[in-house]
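What follows is a single structure, written as structure tokens, with notes after it.
All values below come from the heavy atoms of this structure, side chains included, with hydrogens, waters and symmetry mates left out.
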Amino acid sequence: MVALFVMANGTNLRAANLQPSALPQLPLASVCQDFVDGFCRRGDECTKNHDICAIPNETSESPVLVCPPNVLSLDARVSPRNSLPFDKDGPGHLSRFGPRHDNDHEDIQHIKILPTTDEILCWRKPYIPAKNQSAEHHLPCGQQRLLDVQFRQLRFDNVEPIIDSCYHASQQLTQLVSTPQVLDYDDRMSTPKGVRYSLFRDVAFEEQVMSFKDGITFRVSFACPKALRGLRLGPSKHLEEGMLVALVGLDEGNTLSTTFMVIQQRQTTFAMRPRTGNDFRASVVLSLADTSDTDAVRRLLYNSKGTKQERFSIVELPNVLYVGFYWTLTDLQKRSASDKNLAFIASIAPSTADSSPEVSMPEYANVENFAFQLNSLRKKGDATVPSSLTLRPRDVMSDHEAKVSAIDDLCRETTLDRGQATALCENLCRGFAFTQGPPGTGKTFLGVALTKVLLESRGHISRRPILVVCTTNHALDSFLRDIQQAGVTKFVRLGGNSKETWTKAFSLRAAARGLKKTTLEKSRESQAHRQVECLTTEGTCWCESLNADVLSWPAVRELLKSRYPAILERFTGLEKVDSSRLSDIRLARKAGGFAFEFWGTGGDINDLDQLLEKFSSMLGNQYEFQDDADDGDLRTKYRVLDNIALNAANTASSNPSSGCDVWKLPLQERQRLLNKWKEEIDPRTILDRTAEIHRRHQAAVSKRYKVYHDIDARCLQDQNIIAMTMTACATNSSMLNQLDLQTVICEEAGEVMEAQTLCTLFPSVKHAIFIGDPLQLRPQVNEPALSLETTIGASYRLDESLMERMMVPSTPGVQPIASSRLDLQRRMHPDIADLMRATLYPFLQDHEVARAREPVAGMLDRVWWLDHEMPEDTPNPGSSMAKSFSNAYEVEMVVGLVEYLINSNEYDYQDITILTPYNGQLAAFTHRLSGTCSLWLSDKDRESLLLEGLLGPEEVPFGARTDIGLASMLRLATIDNFQGEESKVVILSTVRSNVESRVGFLKTTNRINVGCSRAKNGFYIVGNATLMRAVPMWRQISLDLLAKERIGPAFRACCLRHPNKYYHVWSPEQCVAHPAAKSSIVVTIVLEFVTSVAIVPPVSSLAKGLVAMVAVHDHAAAYVTHVFRDLSQKTYMFLSCGHHFELEYLDRYIGLTNVYLLDTTGNIQKIACDTLDQVKKMISACPTCGKSCKNVRRYALHHHLVALDENIDRMHSKFSRKMNMFMEKLYDGKISLDKSFNDFRERLRPGPLAGRSNADLVRHRGSRLAEIQSSITYFKDHVVQLFEDDIAKLAEFLGISPVSAQQLPDINLCYRLRFEALVFRSRLIMLEEGHRMSGALRSMNDDSEHSTVLIRGLQSLTRDEAKIKIKALNSIITECETKNLKRLEAEVRLTQMCFHILLKDLGAASNLSVEASLRRTLSLCRAYPDTAGVLLMTYNAIKLVLNGERRHGNLYTQGSTRIWWNWPAHKVGNLKACVHGHQYSMSTWPGCPECGREVPSSPKPEPVDPKKFLKEDAFVTAMRTQTFSAASYRT
């Protein structure tokens, strides 16, 4: 029995049913389609209906399934172990028990992609058909059945986690109803099935906003968990833009609703503080995931205005890639509804279950005398140019000797090996072609060669572009880079997720800029844009009225039209324009309702100036009223204004037909009339009309996209190549379908789901080429029951690619499709490749490049399995590690091996990669190594660690390499995210070691294949071999290694000079001498934990992706070096060059003893030098050959110190760009506030009804600058401050003062102070704007309580904040004086005076000594004319304000901002330090921009007494001979 949720009133919780819309249903023929689309140019003359009514849907809606409602249960939603979570009982009415829920349709065209609430509550197992052609299915074999199977399986795989999360969230929500609200709660949730999600409580609707793209969006706030308050929400991965969330609601009738939304924007608690007054609530702006769902819009609007009372929670679904599956499923539905067949459907989905695929030539190639042109593949630099190199497919397919001859020609005249040449011929001659490429065999090289041949042969085929698709953006960019280097430049990359900046030049938008549009295209584009624009304006009006809780003109218009038409005429009569001029209609439409707005504020119709000003203000900043508008726009402007003036005169002089002239009513009567109208309008009607506007808007948006797609399609027709990811292909399928593409090339086809592959097989395709390896990683799935890796998933095989199904068919009697394979690998040394030959690829051969790989320095074996039986870790059940696995012993052994290899002086960290199958082990490696070296994680691995809570945002290293030029970065990766990549040395940690003999992820052949085939020079496995032998492939690998004696409980390390002598290394803590050492020299390898000076990049700077700055920390590290001791206890060191020296001699030669204090054993204790110059004098090179010893850790410190200047240079460049960016944002923000202030003032309304609206306007004006200020503060505190702290630690370790100009001037840093100045600038702008807004509110002369409170609040905030900032700036000024920052000190003092001016305007006193500050600022400007002197104009302006001669001072004069604009002009390599240690760019400034050239003050001359000179010429001579300083007389 299932325990059901029963509420206190005895009802069960079921899916909510929304009441029908209150709008009347009118037949489509009676409605004006122009009015529906946006506007009707005929206006009142139009004979069709202009009411906002419900329009019948043009497309057929899904049939309604009648089934018993499902209810919420108390029980956990889990399936019994080893049982299917779905059944084979047919869908909908085909099921023996009837439909399961309201979305259980028989036809996939009617299934909603995102689950309905009734589907979420359903406990019956869903219908998911098996993949086998012989399995039971309600459709016969063929295309429809194939699409049905792929759609249902892919949808279940992606939707099941959503259903599980929402079901669990519904259970949580019902419990929250009866519990009191708490501020501090944990948002992290986990369902019984193990699905992780976040649940945010206490959701409240703040406002509705009309979006040009998404229609009506909703800003909702929620109680923010303590861990995400303040600025912590920003760097977290929570509630990011584009993420799918669900609003789960429980209403007063005990019914549940689920609405899926997409996040458009998020606001932290800091940004929400002006709205909420506390730091407990954050907000997000949400748009509908399905923007066509009008009922969802109505439900949310009802709740926002209190018509419905639902209690909502936000369910965040972090692991759901909504875009990744939505468009693929949508495309499958379209293809199911189409009457056109997929390409090669006879091979993919034959009409009989046991049919084998047949392969034929491409249709375009099966003609007489057709030949592919292969000249583009010839070797470069050939002296002789033989006859044209061609390939005739008819000859190759019919004559084996002709095929062999063609392959011989390719091998001789091109760089293709024989396997690649064979595959090239076969792929060109097969219409449906597959090529298997084992690791390192050059799959991408083959794809590029095929592309070049097809492009060269286009004149003989068709001029249509070639479609290239890849699974990931990284793979796509790599392929396009090779294409570009091969000389192909006319291609377009669709999709905007590339991280390569060079791809921007090949985007669709870049290509479209060069397209000359036709007149028809321009007309259609303009019309589509106007329709969306008009409906956006209409929707904005409705939303603003709902937000302000006041009547809007559209709502009043509908009421007056039906009840008071005479009054309506008194308003609309003013808006009439010439109906024959479309431009006039458009302009008047944009200011629609201006007469009503003017009337509502007490306007007099006879006051034409105020009336026309109201019309202009409602237009906003439209282009027609700009000063630079063209003559046509100006004529339209004046013509419309003349019409309005004439209409106003006619209306004022005419008598209303109703007998009451609303224009003659006083303001009080007008407000009473407004209240009466408000009572007459049904609130639900307003909400339903708003939802209908949203529906019409989205219909117009769809039409606009169709117009743009048609234009883009014409642009793409002229390209040679169209490249995109699989997701982008499904997203743009409608546009691509117009191109009649004939050729498709798919890279890494073995990783692509079959459903995604079907999206590339357009009906027009005649030649499809798939390159990949079905023996490597399969497509990733969420549900194990659908995976080949599980027993129960063998019949479903969602993770089986089309390539694998065609090449390795599982249906008995079906023959594999004819395919090619590559057989010459260039990556792995033969010893490593033997593992592949012994298991999966017996045909694999080794190229000479692979055979020439260097041995691994310091290791006897380039392949070794370190066998152990140390158990895996057992984490706490409630910890984040409980969902993954780790092994501490393997972590230490791998780290010890990495350190040993690094100290062999042959490898950098970037040459080594650590692989593991588990995120838990990846997190353990990150914790262990983060303080030792720089780490590099892929974006996918980084996001996985964050989402699973294994690491915090500040703990996760880079998602990619940076542009700072780090010495090296150690690569950490999971196996699943390392396919297609390689490394010199790979260390694989298998992790699992348990008594239950559970192998885990590494039981699948595909994953083992990838893990064992990434290394070029050396491959080392650390794991429990006994456990792994339970897997056949691991057993074969272990037997192969055992036969070669390359498996054991200890590594075999060897001497660089004597590789035949090896020594067992059991653990990092042990020192083991080889027992066979018989000579007088006892050789040991010291592996011990010692306390030493380690040079590591600080995690703080590293995590921000700025620079690997040198910091000094004392820590225990595995210190590995090659040290030789003889019987007299003399110590020798062997360098990487092969030379060896006595350690004491080498220390003296390099200069180590002059810098460090050593103990009796030779270990470094501390630094003993006095200056940095002594460190820089160290030689650190071999005395014999001069080869650098920089990789020897003993001599590494000075290399980092020598690079200190370069690192500061790069950091200076980064900080300069950031300062400029923030300054631009502040400047733009201030300009935006200035430009929009008049509009803000016009939108303010007097009276108590407008109180909330006015408060919202005030809050919105400060939100953008608040975000900018928080960004500056966050960057200052979390990046700049930490960087300067690290430099201070370095200076402290060296015993040098951080501001000592004599010892280490480069570390007199002032970046933090500059960012502090930006913070104060931003706050000043906000307070000045607050003061200006309070003035605008006072000018309304509104005595209502709400306006009074708002004005007082703004004044109080401005007054208190200004006092605080003036006091805080004193400490900044003191620091500037200490560091000789003359220009910055002057700027800060001027900022301080601006805060004082604010207080003065408010009538408040400050403790600032104005006269002393003015004198000091003036003296700085005079003494340093090149730096602080640029602020003299600003100083004069502020002084005039202080003296009462001007009203406002401007801190943003050209002089005050000139230096900020010049910061990003710095180029690395041009950094210089002045005598005070300030860094500046020599290429930008001739001298330091902070202190610069000081002009000594000159004494004022003695005044000349004219009475001493009787003659005028004598007086002039005396004046001319007198010297004085002109600067001292400046004012």
Side-chain angles (χ1 to χ4, degrees), residues 78 81 161 164-165 186 188-198 236-237 317-321 777 780-784 787 789-790 868 870-895 913-930 935 937-957 959 971-979 987-1004 1006-1008 1010-1011 1021-1024 1027-1028 1031:
V78 294
R81 187 176 180 84
D164 198 36
S165 300
D186 190 356
R188 295 171 297 180
M189 295 287 174
S190 181
T191 71
K193 284 188 174 182
V195 178
R196 292 191 179 95
Y197 70 96
S198 293
S236 73
K237 304 295 289 187
L317 308 163
N319 292 316
V320 176
L321 299 177
L777 288 180
Q780 296 183 5
V781 296
N782 300 315
E783 289 297 320
S787 173
E789 298 181 6
T790 62
H868 72 86
M870 300 296 291
E872 63 197 45
D873 301 338
T874 306
N876 295 327
S879 68
S880 57
M881 294 292 290
K883 298 294 183 181
S884 189
F885 297 93
S886 61
N887 191 310
Y889 171 79
E890 292 188 13
V891 170
E892 293 302 324
M893 283 305 303
V894 171
V895 170
T913 296
I914 299 175
L915 290 182
T916 178
Y918 293 102
N919 285 329
Q921 188 77 338
L922 192 69
F925 278 123
T926 303
H927 278 301
R928 177 64 178 82
L929 289 163
S930 59
L935 302 178
L937 270 68
S938 70
D939 288 339
K940 288 186 177 179
D941 283 332
R942 189 175 188 274
E943 291 176 3
S944 296
L945 294 180
L946 287 172
L947 293 175
E948 294 183 18
L950 297 173
L951 291 177
E954 69 284 351
E955 299 176 290
V956 183
R971 178 69 190 270
L972 302 178
T974 55
I975 295 175
D976 288 2
N977 291 325
F978 203 66
Q979 178 160 325
I987 307 172
L988 173 62
S989 170
T990 63
V991 181
R992 301 307 299 271
S993 181
N994 50 71
V995 295
E996 296 86 0
S997 299
R998 294 180 180 174
V999 178
F1001 283 161
L1002 285 181
K1003 65 183 178 182
T1004 59
N1006 305 68
R1007 193 171 280 115
I1008 301 171
V1010 174
I1021 305 172
V1022 181
N1024 188 331
L1027 175 66
M1028 292 296 165
V1031 179

Exercise: identify the closest heavy-atom pair between [X] and [Y]:
X: Lys193; Y: Asp164; answer: CB-OD2, 3.3 Å
X: Asn1024; Y: Ser993; answer: ND2-OG, 3.0 Å
X: Thr990; Y: Gly1023; answer: OG1-CA, 3.0 Å
X: Ala973; Y: Leu922; answer: N-CD1, 3.6 Å
X: Gln780; Y: Asp976; answer: NE2-CB, 3.6 Å
X: Leu972; Y: Leu935; answer: CD1-CD1, 4.0 Å

Looking at [Y], is its backbone amide N or carbonyl O close enough to the side chain of [X] to form a donor-acceptor pair, meaning the two atoms are under 3.5 Å apart?
X: Glu872; Y: Asn887; answer: no
X: Thr191; Y: Ser165; answer: no
X: Asn919; Y: Leu945; answer: no
X: Ser938; Y: Asp941; answer: yes
X: Gln921; Y: Thr916; answer: no
X: Thr790; Y: Pro784; answer: yes

Compare all side-chain heavy atoms of [X] with those of [Y] and state whether any distance is below 4.5 angstrom.
X: Ser989; Y: Phe925; result: yes
X: Asn782; Y: Val195; result: no
X: Pro917; Y: Val991; result: yes
X: Leu929; Y: Ile914; result: yes
X: Arg1007; Y: Glu789; result: yes

When rounded to the nearest 0.5 angstrom, what is the spacing between [atom1] in [X] and [atom2] in [Y]?
X: Ser886; Y: His927; atom1: OG; atom2: NE2; answer: 10.0 Å
X: Gln979; Y: Asn1006; atom1: CD; atom2: CG; answer: 8.5 Å
X: Leu937; Y: Thr974; atom1: CG; atom2: OG1; answer: 8.5 Å
X: Thr913; Y: Phe978; atom1: OG1; atom2: CZ; answer: 4.0 Å

> side chain to side chain contact (heavy atoms under 4.5 Å, CB included) between Leu1002 and Arg992: does it pass, once the steps are laid out?
Replying inline: CA-CA 9 Å; Leu1002 285 181; Arg992 301 307 299 271; over 6 Å; no

> Under 6.0 Å from the CZ atom of Phe1001, do we count more than 12 heavy atoms belonging to anything else shown?
Replying inline: no

>> Parallel, tilted or perpendicular, judged at 30° and 60°: which one describes the rings of Phe885 and Tyr918?
In response: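 Perpendicular: the ring planes of Phe885 and Tyr918 meet at over 60°.
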
